[in-house]
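Data block below; observations after.
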Amino acid sequence: MALKVCKFGGTSMADGNVMTRVRGIILSDPERRYIVVSAPGKRYGDDIKVTDILYACFDAVQREGRCRSEFSRIRSRFTGIVRELGIDFDIETLLDETEAEIDGECSVDFTASRGEYLCARIMASLLGAEFVDAKDVIFFNDAGRLDTEKTYRTLSERVDGLGLVVIPGFYGTGADGRIRTFSRGGSDISGAVVAGAVNASLYENWTDVSGFYACDPKIVNSPKGISVMSYKELRELSYMGANVLHSDSIFPVRRANIPIQIKNTFRPEDAGTSIVPTSHFTPTGNIVTGIAGHRNFTVIYIEKSHMNAEIGFVRKVLTVLEKFGISIEHIPSGIDTMSVVMESSQVSGYRLREVLDGISEEVHPDFLRVTDNVALVATVGHGMSSSVGTSARLFKALAEAGINIKMIDQGSSEMNIIVGVGNDDCERCIAAIYHEFF
Ligand code: ASP
C-alpha cells in the first residue's frame, strides 16, 4: 500500500475543533500513516502562537529562574484543547512535568520544542495512534545539521510494523544529547525527513491556504494558484519569500523523488499545489510560474579597471566575506565590476565598515559603493528558458511602473530572473511583473 506522510501546521492544530477536523482528514484515507504536527498556532489575527509563548517562558526562566506566570498561558491553551476534544487525557500532569523540565533544563531549544511535543501527545491520544518522540528518531550532527544516515536508520526501524504514528515536528536530538530545534517553521522539514526515512509515496503538507499562488495574495488580489511546480521552482520561490513551506523542506524529499502536495485543512476539497521532481516536470504553458521577493539586502559594488584580467580577484573578495562569516546571496558581475549581495542583518553597524576596509586592503578597488534597503524580487519558471523576450517584457513592465532597478541577476539555469529594487518598491515590483505575465 502507498504510504503518506502528513504534516499539519500550527493553524491546523490551533484548537480542539480544528484538531477534530484534522482527525477526520487523517482517518478518511488509510494511506495517511505518519502524522507530523506543529505546535498550536494562531486562532485569530492577534492571537499568539504557542511557540512564541514558549520563547517568552525561556526568557522568564533566564530572568527569574522559573516560568510560572508565562507558562500559565501554555497551560490554559492546552487544557482548553483537551476540554474541547472531550478526550480522557491527563493533560494537567503532563503540563506539570513540562513546566518543571523547562525550569530545570534552562535550554531555549528544549523549551521551544514543548509545543510540538504536547500537541503530538494529544493528537496521538485523539487518533488512538502510537506517539513516537522526535528526540528518539531525529538526530543532528556536530555541525548542527541533520544526521541523515542515523535519522533514517533509527526512524525507519522505530516505525516498522506500527500502524498510525504521530511524531512532533520541529526538533530532534543534537550531538550533545540535548534537544535541538530546526529554524522557525521547521516542522515542514521534520515532515520531509519522515517522508524520506519511510520512503513515502507522498508528503502531504496541510496548511491554511490552498497551495502556492503565483504571487503573495496580500500584494495582488486573488492571484492565480499554482497547480504544479518543480522542486527547483519551489526552492527558488520559498527561499525568496513565498512562505507556504520552509525552503529547506525540499532536501529530504528530493533525495528520494517524493512528491509534495500542499493541502488546505479548511478546504480539503481544493486540489492545492503538487511539487514534483524537476525531471518529471513539464511546464504548464505559463512562462512564469511565480514571483516572490523579500526586503533588506545590502549590495557592495566594486569597480576596478582590468578586474577581468586580475586572476583571483573574486576569490580575494569572497575570502574577506568568508572571514567575517557572511553568507552571500548573489554575485552579479561585469567586465570591470562585481557586486556582492547579502542580507543587511549580516553587515549592520561597524561590521560593514570592517568588511569594506577588508575588501579595500585585499583588492585595492578604484571604487566601492554600498547600497542598502534593497529588496530582491525573483521571477521564477522553467517556461522562461525556452521563451524569447521574457526579460524584455519584465524590464518594460518595471519601466512602465516607474520602478528603478538597482541590480539584475539571471540564474544560469535560466529559470530565474532576480532584480534588486528599493525596499519601498518591492510590492509594486511584484505586482507589475505579475500583471505582465498573468
Ligand atoms: N512551532 C514552530 C514555529 O512556530 C515550528 C513550526 O510550526 O513549524 O516556528
Side-chain angles (χ1 to χ4, degrees), residues 207-247 250 260 262 264 267 270-276 278 281-297 329-330 332 341 373-411 413-438:
T207 178
D208 54 4
V209 288
S210 296
F212 279 84
Y213 292 99
C215 75
D216 185 343
K218 288 191 219 96
I219 298 177
V220 169
N221 207 2
S222 308
K224 190 170 178 291
I226 303 176
S227 58
V228 50
M229 66 165 115
S230 73
Y231 287 160
K232 267 197 183 151
E233 290 174 332
L234 167 73
R235 173 81 179 141
E236 301 275 354
L237 287 170
S238 52
Y239 187 73
M240 286 304 291
N243 57 10
V244 178
L245 194 68
H246 194 297
S247 60
I250 196 68
I260 308 172
I262 308 290
N264 187 347
R267 296 179 56 98
D270 288 358
T273 301
S274 300
I275 300 146
V276 299
T278 307
F281 177 77
T282 14
T284 51
N286 281 343
I287 297 174
V288 169
T289 300
I291 306 137
H294 78 245
R295 296 163 186 252
N296 296 329
F297 290 91
E329 304 294 320
H330 298 280
V341 185
N373 294 321
V374 173
L376 296 183
V377 173
T379 304
V380 175
H382 287 291
M384 284 161 46
S385 61
S386 53
S387 119
V388 178
T390 308
S391 320
R393 283 176 66 187
L394 189 150
F395 296 126
K396 186 160 166 279
L398 296 185
E400 278 167 7
I403 295 168
N404 181 27
I405 302 172
K406 295 173 186 277
M407 185 211 89
I408 300 169
D409 194 10
Q410 176 164 23
S413 59
E414 285 188 60
M415 56 165 290
N416 194 359
I417 299 173
I418 294 173
V419 291
V421 298
N423 270 345
D424 294 343
D425 283 335
C426 182
E427 271 140 35
R428 280 194 324 117
C429 174
I430 292 173
I433 300 172
Y434 177 84
H435 291 301
E436 174 60 35
F437 290 99
F438 291 92

Residues Glu236, Lys232: salt bridge by 4.0 Å N-O rule: no

Rounded distance [0.5 Å steps], NZ in Lys406 versus CG in Leu376: 12.0 Å

Partner set under side chain to side chain donor-acceptor pair (under 3.5 Å) for Ser210, not counting sequence neighbours: Asn264, Asp270

After noting the C-alpha distance and the side-chain angles of Glu329 and Met240, does the key distance pass the side chain to side chain contact (heavy atoms under 4.5 Å, CB included) rule? CA-CA 10 Å; Glu329 304 294 320; Met240 286 304 291; 5.9 Å; no

Starting from the C-alpha separation in whole Å, work towards a yes-or-no answer on side chain to side chain contact (heavy atoms under 4.5 Å, CB included) for Tyr213 and Val244. CA-CA 9 Å; Tyr213 292 99; Val244 178; over 6 Å; no

Those residues at least two apart in sequence (or on a different chain) that pass side-chain contact (heavy atoms from CB on, under 4.5 Å) with Thr289 are Ile226, Met229, Glu233

Please round to the nearest 0.5 Å and tell me the distance separating atom NE2 of His382 and atom CE of Met415. 4.5 Å

Distance in Å, Asp216 CG paired with His294 NE2, rounded so as to fall on 0.5 Å steps: 13.5 Å

Has Asn423 got a side-chain atom pairing as donor or acceptor with Asn296's backbone, closer than 3.5 angstrom? yes

Taking Thr273 for the side chain and Phe212 for the main chain, is one N or O donor matched with an acceptor at less than 3.5 Å? yes

List the atom of Cys215, the atom of Pro223, and the distance in Å for their closest heavy-atom pair. O-CG, 3.3 Å

Does the side chain to side chain contact (heavy atoms under 4.5 Å, CB included) test come out yes or no for Ile405 and Leu398, once each step is laid out? CA-CA 8 Å; Ile405 302 172; Leu398 296 185; 3.7 Å; yes

Of the non-hydrogen atoms in Ala401 and Ala432, which two are nearest, and what is the gap between them? CB-CB, 4.0 Å

Would you give the length of the straight line joining atom CD1 of Ile291 to atom CD1 of Ile433, rounded to the nearest 0.5 angstrom? 6.0 Å

Could you tell me whether Phe395 atom CZ has more than 12 heavy atoms of other residues or ligands within 6.0 Å of it? yes

Side-chain contact test, heavy atoms from C-beta onward, threshold under 4.5 Å: evaluate it for Thr390 versus Arg393 and give yes or no. no

Closest approach of Gly402 to Arg428 (non-hydrogen atoms, all atoms of both residues): O-NH2, 4.0 Å

Is it the case that the side chain of Arg235 and the backbone of Ser247 share a donor-acceptor pair, with hydrogens and angles ignored and the cut-off at 3.5 Å? yes

Tightest non-hydrogen contact, residues Cys429 and Val419, listed as SG-CG2, 4.0 Å

With rounding to the nearest 0.5 Å, note down the distance linking CD1 in Ile408 to CD1 in Ile417. 9.0 Å

Side-chain donor/acceptor of Tyr434 to backbone N/O of Lys224, under 3.5 Å: yes

Euclidean distance, Leu394 CG relative to Thr379 OG1, rounded to 0.5 Å: 4.5 Å

